[in-house]
Amino acid sequence: MLRIDSLRVTYGGAVQAVRGVTMEVPDGKVVAVLGSNGAGKSTLLRTISGTLSLHRGRVEEGTVRLDDVDLVRRDPGKIVRLGVVQVPEGRRIFSRLSVEENLRAGGLSSRDKAAKAKALQRVHDLFPVLKERGSQRGGLLSGGEQQMLAIGRALMTSPKLLLLDEPSLGLAPRIIGQIGEVIAEINRQGTSVLLVEQNATMALGVADLAYVLDVGEVSLSGDARELSQTDEVQRLYLGHGSETPQEERLTTGPRKTLSRWTA
Ligand SMILES: Nc1ncnc2c1ncn2[C@@H]1O[C@H](COP(=O)(O)OP(=O)(O)OP(=O)(O)O)[C@@H](O)[C@H]1O
Ligand SMILES: [Mg+2]
């Protein structure tokens, strides 16, 4: 179980990106984090994966615990060895390396050959296209295939917990559907997933639990299916609320942040 407690993160000491967030990712679950641009979603994932300092960010307060281990200020490589791996926003694959080399790069942190062979088999079963196109340069894959490669590369570390930062970004609806199915399958195989998304339909469709981040704070949280039924999420994230006139929806767009949770 991953448990984040009262987490506060700043950039350059000034920008308050995460302002006292508490959340849990229970073992074996898919947890979605929704939120508009700048809500702090990527910051949250960077904090968990230990890559925050690469972005000049700093944890000011709070803990991020994987079981009994505090991950705050731990080396990113160590965090990967503890079983937590992040697929960053914008699917940064090595475009000049072949698909197979990209996957092997994902397994470099482990010396366990049998585990790596098993992980590669799993990736090929999940994404047959990565096997078919193994010798091609990564940069020649389509956007959706590159996202699959980025996820496949992360799976080469055989993680307990997979952190996904907006895997649907810039992809066509049909491909987004496939990504959702793959996330569900990865989870069925025993990997917990923390899924950061602006695409609420996909995220709430695949998640067990969900949190909504609003300017660095949790404004809503709960069972994903129940959350998707709430007026706020329907109106602001799923774009088909009853009480919002069409014109307002057009001008504010579907991604307006939710009002603060005051229960
Ligand atoms: N490297 C950085 N230096 C300074 N400020 C940053 C940095 N990265 C993010 N921020 C700021 O921190 C806040 C949270 O940003 P973050 O990238 O975590 O949001 P996000 O929810 O992932 O947004 P998006 O949906 O656009 O990816 C924003 O105000 C952003 O401008
Ligand atoms: Mg982001």
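Every heavy atom of this structure was used, including side-chain atoms; hydrogens, water molecules and symmetry mates were not. A quick note: this is a predicted structure, and the numbers were derived from the prediction, not measured. Just so you know, ligand 1 is whichever comes first in the structure, and atom 1 is the first atom listed for that ligand.
Shortest contact from atom 2 (C) of ligand 1 to any protein heavy atom: Y11 CD2, 3.4 Å. Scanning the protein for heavy atoms near atom 1 (N) of ligand 1, the closest one is H55 O, 3.2 Å. The closest protein non-hydrogen atom to atom 15 (O) of ligand 1 is T43 OG1, 3.8 Å. For atom 25 (O) of ligand 1, the closest non-hydrogen atom of the protein is K41 NZ, 2.7 Å. Protein heavy atom nearest atom 28 (C) of ligand 1, with residue, atom name and distance: G38 O, 3.8 Å. Regarding atom 26 (O) of ligand 1, its nearest protein heavy-atom neighbour is N37 ND2, 2.9 Å. Here the heavy atom of the protein found nearest to atom 27 (O) of ligand 1 is E89 OE2, 2.7 Å. Ranking the protein heavy atoms by distance from atom 11 (C) of ligand 1 puts V15 CG1, 3.8 Å first.
Within the sub-2.8 Å shell of the Mg ion (ligand 2), the protein contributes these N/O/S atoms: S42 OG, E89 OE2.
For the atom pair I176 CD1 and E197 CD, the distance stands at 7.5 Å (nearest 0.5 Å). Interatomic distance, CG of L103 versus NE2 of H124, reported as 5.5 Å (0.5 Å rounding).
Only the side chain of E166 comes within contact range of ligand 1, with a heavy atom under 4.0 Å; no backbone atom does.
Side-chain N or O atoms of S6 include none that pairs as donor or acceptor with a backbone N or O of G62 at under 3.5 Å. Side-chain N or O atoms of K41 include none that pairs as donor or acceptor with a backbone N or O of L213 at under 3.5 Å.
Two residues are said to be in side-chain contact when any heavy atoms from C-beta on lie closer than 4.5 Å; R74 and L82 meet this criterion. Side-chain atoms of I175 and Q147, non-hydrogen and from C-beta on, never get closer than 4.5 Å to each other.
If you check each of S42, A14, G57, G216 against atom 17 (O) of ligand 1, the one with the closest non-hydrogen atom is S42.
An N or O contact shorter than 3.5 Å is missing between G35 and ligand 1 by distance.
Atom 6 (C) of ligand 1 is flagged as protein-proximal [any protein heavy atom, distance under 4.0 Å]. At a distance under 4.0 Å, no protein heavy atom can be found next to atom 31 (O) of ligand 1.
In this structure, a donor-acceptor pair under 3.5 Å is present between the side chains of S42 and D165. Under the 3.5 Å distance criterion, with hydrogens and angles disregarded, a donor-acceptor pair is assigned to the side chains of R133 and Q136.
Transitive grouping of hydrophobic side chains (ILVMFWY, heavy atoms separated by less than 4.5 Å) keeps L140 and I93 in distinct clusters.
Between G35 and Q198, the shortest heavy-atom distance links the atoms O-CG, 3.6 Å.
Counting heavy atoms of neighbouring residues, nucleotides and ligands inside a 6.0 Å radius, atom CZ of R58 does not exceed 12 of them.
Using 4.0 Å as the threshold, Q16 has no heavy atom nearer than that to any atom of ligand 1. Ligand 1 lies within reach of G40, whose nearest heavy atom is under 4.0 Å from it.
Which parts of ligand 1 touch R46 is read off a 4.0 Å heavy-atom cut-off, strictly below it: atoms 8 (N).
R188 has a carboxylate O that lies under 4.0 Å from a charged side-chain N of E185, or vice versa, which qualifies the two as a salt bridge.
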